[in-house]
Chemist: 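So that we are looking at the same thing, I have put the structure below in structure tokens.
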Number of protein chains: 2
Amino acid sequence: MTDSLDTLSIRQMCDAFDVTPRTLRFYEAKELLFPIRLGTRRLFTRADRARLTLILRGKRFGFSLEDIRQLLAMYERDGSNQAQLLRTLEIAKDRLAQMEAQRAELDLAIDDLKTQLTEGEKMIAAFNTPPTQEGSAQ
Amino acid sequence: MTDSLDTLSIRQMCDAFDVTPRTLRFYEAKELLFPIRLGTRRLFTRADRARLTLILRGKRFGFSLEDIRQLLAMYERDGSNQAQLLRTLEIAKDRLAQMEAQRAELDLAIDDLKTQLTEGEKMIAAFNTPPTQEGSAQ
DNA sequence: AGCGTGCTTTACGTTAACGTAAATGTAACG
DNA sequence: CGTTACATTTACGTTAACGTAAAGCACGCT
């Protein structure tokens, strides 16, 4: 029988989510995950998997682990509280604004760098003009 | 007469470039700037100002100070060497590719976050439907 | 002489998210 | 019972770019 009540060992978790054991232990120490302890071993439940999914998603959005911890904690306390949901939406909107600002600055920097590159290639082209004759066609 | 042969004190530099004295000393320690030493005081020359401009520009492009130091060093050694210029262009192109990749991932994350936000607002809307009657129009 | 201002050096502190090494434990296999 | 495989805890190390505190010159003014 599947005596594993739908739990995963640390290695299975690592393979499933492409993270290291150190990362999972770190997240537990930071109170982001709460695996069951079987003796000294960790057993990661479905809830842990759900949390880890949210954690990794949050990281993509640029939230710090501490931010994520607080957001998760809010929902652990009362996932059905509408006020909390609204608060979360606000936080997410703020983060979105930051990401879009970052995108805008990145776009500017990219354009600037492209300009610089063009300048540089002009320099090269100038030096590369072979002094065979005068003008240069072909 | 302007006995300052076109040099700036550390404070004047800070005001001109909006950086702290610590930053300028740090850049000197890292061999990014080479101010003249008048006794123990620093005098920043036109060349230093040019370098600092490049440093700050490089930072916008996401280069590390060490990257910048190497690029500057290349030009200090031989600014007219075409091979060096080509090498620099390669580095810049690589960096541009990285920035564009970063932009792409950022765009994806932004879209995802927007989707999440929409989901969240749906939740709110669902809860907010006042149970006055049955359906709800307007 | 005393004071204020601006500059200096030295050197430890900060932050995030793990990496990595060392020593130990334990369960199952043969 | 010895080995192997996987797990655990503890705790110091890493990286970048400065911040910040402490303590002390050096100059000019009064």
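Every chain is numbered from 1, with letters handed out A, B, ... down the list of sequences.
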Chemist: Reading nucleotides 11-29 of chain D from the 5' end, what letters show protein touch, with B for base, S for backbone sugar-phosphate only, - for no heavy atom under 4.0 Å?
Modeler: B-----BBBB---------
Chemist: Using modelled atom types and a 3.5 Å cut-off, is there a donor and acceptor pairing between side-chain atoms of B:Asp111 and backbone atoms of B:Leu108?
Modeler: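 A pair under 3.5 Å: no.
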Chemist: Do A:Glu90 and A:Arg87 meet the salt-bridge criterion of a basic N to acidic O distance under 4.0 Å?
Modeler: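 No, no charged N to carboxylate O under 4.0 Å.
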Chemist: Near DNA chain D, under 4.0 Å by heavy atom, which residues of residues 31-39 of chain A?
Modeler: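 Contacts with DNA chain D under 4.0 Å: A:Arg37.
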Chemist: Would a distance-only check, ignoring hydrogens and angles, find a side-chain to backbone donor-acceptor pair under 3.5 Å from B:Thr23 to B:Val19?
Modeler: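 Checked: no pair found.
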Chemist: Taking it one step at a time, do A:Lys30 and A:Glu66 satisfy salt bridge (Lys or Arg N to Asp or Glu O under 4.0 Å)?
Modeler: CA-CA 8 Å; A:Lys30 291 287 182 182; A:Glu66 174 56 18; over 6 Å; no
Chemist: Quick one: side-chain hydrogen bond (donor to acceptor under 3.5 Å, both in side chains) pairs with a partner in residues 33-44 of chain A, sequence neighbours left out?
Modeler: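 Non-adjacent pairs meeting side-chain hydrogen bond (donor to acceptor under 3.5 Å, both in side chains): A:Glu28-A:Arg37, A:Glu28-A:Arg42.
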Chemist: Would you kindly give the CD1-to-P distance between A:Ile10 and D:dA5, to the nearest whole Å?
Modeler: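 Rounded to the whole Å, the gap is 19 Å.
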Chemist: Quick one: label A:Arg25 by what it contacts on the DNA or RNA (base, sugar-phosphate, nothing), any heavy atom closer than 4.0 Å.
Modeler: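 Base contact.
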Chemist: Atom CG of B:Leu43 to atom P of C:dG6: distance rounded to whole Å?
Modeler: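 B:Leu43 atom CG is separated from C:dG6 atom P by 17 Å.
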Chemist: What distance separates A:Tyr27 OH from A:Leu52 CG, expressed to the nearest 0.5 Å?
Modeler: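 Nearest 0.5 Å value for the OH-CG distance: 7.0 Å.
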Chemist: May I ask you to decide if B:Thr45's main-chain N or O and B:Asp6's side chain share a donor-acceptor pair within less than 3.5 Å?
Modeler: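 No.
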Chemist: To the nearest 0.5 angstrom, please state how far the CZ atom of B:Phe127 sits from the CG atom of A:Leu85.
Modeler: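 Here the rounded value is 8.0 Å.
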Chemist: Pick the closest DNA chain C nucleotide for B:Arg11 and for A:Lys30 by heavy atoms, then say which residue is nearer the 5' end.
Modeler: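 Between the two, 5'-proximity favours B:Arg11.
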